[in-house]
Amino acid sequence: QVHVVESGGGLVQAGGSLRLTCEASGRASSVDTMGWYRQAPGKQRELVAEITRGFSTNYADSVKGRFTISTISRGNGKNTVYLQMTTLEPEDTAVYYCKVLSVFGPVERTYKVDYWGQGTQVTVSS
């Protein structure tokens with residue numbers, strides 16, 4: 001089991017910055033990918049950015065050049081991922097969710113499980 005907790009959301013003016021933090025605890029060695037998703041009212045949840053165990057990153061086109069995802073493993077059973085958001089726009093307003101993809105089982109029979117946090121609200125005023 002992996003427990004996921006997000007923090008760092010809030011209200012900011014357009015052009016401002018925020019940093020979101022996601023901490024995953026429990027079964028740290030199983031974590032393969034950590035990512036941020038967002039869901040605006042009336043819209044589907046969408047990928048914002050993700051980072052793999054090997055530090056490969058993937059960004060939505062709408063946030064490239066403005067958002068940066070990074071991660072550290074503290075070695076105490078916890079993995080932390082950050083989303084540094086700059087030049088925020090009103091269109092970035094949404095609930096931001098952290099997702100942890102964990103891989104379990106022996107090499108010849110692995111299975112994957114997604115764990116989600118409770119979400120943190122980001123509101124960008126114009």
ask   = Does one hydrophobic cluster hold both Trp36 and Tyr59, with members joined at side-chain heavy-atom distances below 4.5 Å?
value = yes
request  = Drop me the distance from Phe67's CZ to Thr86's OG1, to the nearest 0.5 angstrom.
outcome  = 7.5 Å
key: Residue pair Arg27 / Val100, side-chain heavy-atom distance below 4.5 Å   = no
task = Treat each ILVMFWY residue as a node, draw an edge where side-chain heavy atoms are under 4.5 Å apart, and state whether Tyr82 and Val2 are in one component.
result = no
request  = Determine the minimum heavy-atom distance between Lys112 and Leu101, stating which atoms define it.
outcome  = CB-CD1, 3.7 Å
key: Pair Arg66 + Asp92, salt bridge at N-O below 4.0 Å   = yes
key: Heavy-atom side-chain proximity of Gln13 to Leu88 below 4.5 angstrom   = no
For the student: nearest non-hydrogen atoms of Ala14 and Ser126, plus distance = CB-CA, 4.3 Å
request  = With Val48 as reference, evaluate Asn58, Val63, Ile69 under the side chain to side chain contact (heavy atoms under 4.5 Å, CB included) test and give the passing residue.
outcome  = Val63
query = side chain to side chain contact (heavy atoms under 4.5 Å, CB included) with Val103: which of Thr33, Val113, Asp32?
reply = Asp32
task = Consider only side-chain heavy atoms of I, L, V, M, F, W and Y, link residues closer than 4.5 Å, and tell whether Tyr37 and Met85 are in one cluster.
result = no
query = Quick one: are Cys98 and Trp116 in side-chain contact, heavy atoms under 4.5 Å?
reply = no
remark   = side chain to side chain contact (heavy atoms under 4.5 Å, CB included) with Ser7: of Leu20, Thr120, Thr21, only one passes, and it is Thr21
message = side-chain contact (heavy atoms from CB on, under 4.5 Å), that's the test. Do Gln121 and Thr93 meet it? Break it down for me.
response = CA-CA 8 Å; Gln121 177 70 46; Thr93 295; 4.0 Å; yes
key: Heavy-atom side-chain contact between Cys22 and Met34 under 4.5 Å   = yes
key: Ser102 and Val31, any side-chain heavy atoms less than 4.5 Å apart   = yes
query = For the side chain of Glu6 and the backbone of Gln118, is there at least one donor-acceptor N/O pair under 3.5 Å apart?
reply = yes
Flag side-chain contact, heavy atom, 4.5 Å: Tyr97 against Arg45 = yes
ask   = Applying the 4.5 Å side-chain criterion to the ILVMFWY set and letting contacts propagate, would Leu83 and Leu11 be lumped into a single cluster?
value = no
key: Under 3.5 Å donor-acceptor, Thr71 side chain and Thr80 backbone   = yes
